[in-house]
**Student:** 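Structure in structure tokens, see below.
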Amino acid sequence: MKEYWIVDPITHSIEVYILTDGKFILDEVYALYPAGAGVTDIEREETKKEIQVSLYNDFCISLEEIFKDLF
């Protein structure tokens, strides 16, 4: 399985695209919302904070680790 990511350091978000039937399809959008970002506490809690890398079954990357120096 092949994938690529679009990382946006301004919005603290990552779009993950997976190769499916010869085309890259959006699989998931991950975002990290700091306090005061205009989202509710419920929305902040419901967002995924770890990315499961499709190439490895046991490899996850924390969004907090990726964006830690941006806050």
Side-chain angles (χ1 to χ4, degrees):
M1 180 178 298
K2 294 185 179 185
E3 70 182 42
Y4 75 89
W5 298 3
I6 297 177
V7 179
D8 187 339
I10 304 295
T11 63
H12 305 111
S13 65
I14 299 175
E15 296 177 7
V16 176
Y17 292 81
I18 304 291
L19 185 63
T20 306
D21 297 327
K23 297 179 183 178
F24 282 99
I25 306 295
L26 179 63
D27 181 59
E28 189 70 60
V29 176
Y30 300 85
L32 198 63
Y33 300 108
V39 297
T40 67
D41 289 339
I42 293 171
E43 290 171 324
R44 190 176 295 114
E45 286 298 317
E46 289 177 349
T47 59
K48 295 182 179 182
K49 295 178 180 72
E50 287 191 342
I51 298 174
Q52 170 68 44
V53 180
S54 67
L55 299 174
Y56 306 99
N57 292 332
D58 59 348
F59 185 46
C60 292
I61 299 175
S62 164
L63 264 65
E64 291 175 349
E65 184 67 27
I66 292 170
F67 295 117
K68 71 180 178 182
D69 293 331
L70 298 178
F71 293 115

**Student:** Can you tell me how far the SG atom of Cys60 sits from the CD atom of Gln52, to the nearest 0.5 Å?
**Tutor:**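 So the gap between those two atoms works out to 4.0 Å.
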**Student:** Assess the residue pair Val7 and Ile14 against the criterion (side-chain contact (heavy atoms from CB on, under 4.5 Å)); give the C-alpha distance rounded to whole Å, side-chain angles, the decisive distance to 0.1 Å, and a yes or no.
**Tutor:** CA-CA 5 Å; Val7 179; Ile14 299 175; 4.0 Å; yes
**Student:** Can you tell me how far the OH atom of Tyr30 sits from the CG atom of Leu63, to the nearest 0.5 Å?
**Tutor:**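 If we round to the nearest 0.5 Å, Tyr30:OH and Leu63:CG are 8.5 Å apart.
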**Student:** With salt bridge (Lys or Arg N to Asp or Glu O under 4.0 Å) as the rule and sequence neighbours excluded, what pairs involving residues 11-30 come up?
**Tutor:**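 Pairs touching residues 11-30 that pass the test: Glu28-Lys48.
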**Student:** Look up atom OG1 in Thr20 and atom NZ in Lys2, then write down how far apart they are to the nearest 0.5 Å.
**Tutor:**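 The distance works out to 13.0 Å.
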**Student:** Is the ring pair Phe67/His12 parallel, tilted or perpendicular, if the boundaries are 30 and 60 degrees?
**Tutor:**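 Rings of Phe67 and His12: perpendicular, as their planes differ by over 60°.
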**Student:** For Ile10 and Asp8, work out which heavy atoms get closest and say how close.
**Tutor:**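 Closest heavy-atom pair between Ile10 and Asp8: N-OD1, 2.8 Å.
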**Student:** Tell me whether Tyr17 shares a hydrophobic cluster with Ile25, the cluster being built from Ile, Leu, Val, Met, Phe, Trp, Tyr side chains joined at under 4.5 Å.
**Tutor:**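 No; Ile25 is not reachable from Tyr17 via cluster members.
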**Student:** Who are the side-chain contact (heavy atoms from CB on, under 4.5 Å) partners of Val53, not counting sequence neighbours?
**Tutor:**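 Val53 satisfies side-chain contact (heavy atoms from CB on, under 4.5 Å) with Glu3, Trp5, Leu55, Tyr56, Phe59, Ile61 only.
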